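Convention: sequence-line order gives letters A, B, ...; per-chain numbering from 1. Since the structure is predicted, the reported quantities are computational estimates derived from the model, not experimental observations.
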Amino acid sequence: MKKKMKIATYNANSIRSRIELLKTWLGKHKPDILCIQETKVQDDEFPLEAFRDTRYEVVFRGQKKYNGVAIFSRFPLEEIEVDLPNDPVQEARFLKAKAGKIIVLNTYIPQGQEVDSDKFQYKLEYFRLLKSYFSSRFDPQKDFVLWCGDLNAAREPIDVYDPEGLWGHVCYCKEVKESFEDVMKWGFIDLFRQFHPEGGHYTFWDYRIPNSFQRKLGWRLDYILATEPLAKTCRDCWIDLEARQAEKPSDHTFLVAEFIL
DNA sequence: ATGGTGGACAATCCA
């Protein structure tokens, strides 16, 4: 018996300021799993009560002020991990859970600030640690691994609004591109790219640029990546631009993938 | 004009 499965990812830029938007979105799109980044709330203040009537199971890992990740799921989540092994900083950026046969990784990759900063080195290290994690734990030919999140990296020129002007930015430069591709070649398929080879599709628009969304000044920084056995079951992957019409949208929007399993 | 805005959280840090 084949079953439809819908999985989404969203950088909320504070889950507490996005409660109404999220409840509306969950009710309308009914994803089976939603990975959230930048919840910006420590665990004892997570707004569990606000989502109680949605009947999703929720796991989260947060810290004060910054970062924070959460997974909403209609299926029981098992084998939960909240720390990326060997991460020297141990910020709340990593969440792993198993939903049935799908292993879900939800990450909020460090943005990197400036290319000559320690934070940028940490960003590169984060990709390296993720690759070690995947290699040591899973088999890309057999396991159904799904890596979702805000990866703070654009893969190709078609993933940013001004490829020449933006080259060298912490989210679009040689080092980040190489680090990201090195993890990809372990065995991930970029589901959105698989269904949309053309460029100009973005998931992030900078608040600081006036009317960046209307002017299409965006970046593709959010991804749903799957190992081959899982990618084969993917029927579609799309960016939900409608969610940008909400009253107080995040600077990112939802990326969604549908599978027949 | 070396900026824009938005969020957390209390003087700035982060994106």
Side-chain angles (χ1 to χ4, degrees), chain A residues 9-25 35-51 60-70 84 87-95 106-127 148-155 159-162 165-173 175-177 179-180 202-223 239 241 243-255:
Chain A
T9 182
Y10 179 58
N11 178 320
N13 186 20
S14 163
I15 193 163
R16 286 177 293 184
S17 61
R18 233 57 76 186
I19 288 171
E20 287 316 308
L21 186 158
L22 275 167
K23 286 176 76 168
T24 302
W25 199 87
C35 294
I36 301 179
Q37 306 84 37
E38 277 205 275
T39 55
K40 290 187 172 179
V41 63
Q42 53 200 12
D43 290 346
D44 58 359
E45 289 176 30
F46 192 94
L48 260 185
E49 199 58 46
F51 295 102
F60 47 86
R61 165 71 153 184
Q63 66 184 79
K64 198 172 181 174
K65 230 175 151 182
Y66 308 119
N67 312 320
V69 280
L84 173 62
D87 177 2
V89 179
Q90 294 291 7
E91 292 178 322
R93 299 178 174 277
F94 178 95
L95 205 47
N106 177 15
T107 66
Y108 174 48
I109 303 273
Q111 193 261 8
Q113 214 143 64
E114 301 289 340
V115 286
D116 57 1
S117 68
D118 290 348
K119 289 182 176 171
F120 185 72
Q121 291 309 315
Y122 177 49
K123 178 178 195 169
L124 301 180
E125 177 67 5
Y126 211 88
F127 280 111
C148 305
D150 176 357
L151 307 189
N152 267 314
R155 292 189 74 192
D159 294 324
V160 297
Y161 68 91
D162 177 9
L166 295 171
W167 183 247
H169 184 280
V170 288
C171 296
Y172 183 59
C173 59
E175 296 95 319
V176 162
K177 192 182 167 120
S179 306
F180 186 11
Y202 309 127
T203 64
F204 165 82
W205 300 265
D206 197 330
Y207 279 135
R208 293 167 294 183
I209 299 174
N211 303 310
S212 55
F213 180 71
Q214 289 77 5
R215 294 160 64 199
K216 304 185 194 302
L217 304 180
W219 302 61
R220 190 169 75 103
L221 302 180
D222 301 87
Y223 297 84
I239 294 166
L241 296 178
R244 288 285 314 193
Q245 306 307 319
E247 206 175 314
K248 257 195 339 175
S250 162
D251 44 0
H252 293 248
T253 196
F254 295 82
L255 175 65

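Within the structure, a side-chain polar atom (N or O) of A:K64 is placed less than 4.0 Å from OP1 or OP2 of B:dA10. One finds no side-chain N or O of A:Q111 lying less than 4.0 angstrom from the OP1 or OP2 phosphate oxygen of B:dC14.
Among the heavy atoms of the strands lying under 4.0 Å from A:Y108 are primed sugar atoms or P, OP1, OP2 only; no base atom is included.
The CD-P distance, from A:E38 to B:dC13, rounds to 17 Å in whole Å. Distance CG (A:N13) to C1' (B:dT5): 10 Å, rounded to an integer number of Å. For the pair A:I209 CD1 and B:dT5 P, the interatomic distance rounds to 12 Å; values are reported in whole Å. Distance A:N11 CG to B:dG6 P: 16 Å, rounded to the nearest Å. Rounded to whole angstrom, the span from the NZ atom of A:K65 across to the P atom of B:dA10 amounts to 7 Å. In this structure, A:N67 atom CG and B:dC13 atom P are separated by 16 Å, rounded to whole Å. Nucleotide B:dG7 holds its P atom 11 Å from the CG atom of A:L21, rounded to whole Å. Atom-to-atom, CZ of A:F204 to P of B:dG6 comes out at 13 Å; the value is rounded to the nearest Å.
When each of B:dA15, B:dG7, B:dA10 is scored by its nearest atom to the side-chain atoms of A:R208, the top-ranked nucleotide is B:dA15. Listed nucleotides: B:dT5, B:dA15, B:dC13. Nearest to the side chain of A:Y66: B:dC13.
Residues A:K248 and A:P110 each lie close to DNA chain B; by heavy-atom proximity, the contact nearer the 5' end of the strand is made by A:K248. Both A:T39 and A:Q113 lie close to DNA chain B; mapped to their nearest nucleotides by heavy-atom distance, the more 5′-ward contact belongs to A:T39.
Ring orientation note: the planes of A:W167 and A:Y172 are nearly perpendicular, at an angle over 60° on the 30°/60° scale. Classified by interplanar angle (parallel below 30°, tilted 30° to 60°, perpendicular above 60°), the ring pair A:F254/A:W25 is parallel.
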Stepwise, does the side chain to side chain contact (heavy atoms under 4.5 Å, CB included) test hold for A:Y223 with A:T203? CA-CA 9 Å; A:Y223 297 84; A:T203 64; over 6 Å; no

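Across the C1' atoms, B:dC14 and B:dA1 are found 23 Å apart, a figure rounded to whole Å.
With A:Q37 as the partner, the side chain to side chain donor-acceptor pair (under 3.5 Å) test is satisfied by one option alone out of A:D150, A:T9, A:T107, A:N13: A:T9.
Inter-residue side-chain proximity for A:L221 and A:L151 is flagged as unmet; no heavy-atom pair is nearer than 4.5 Å.
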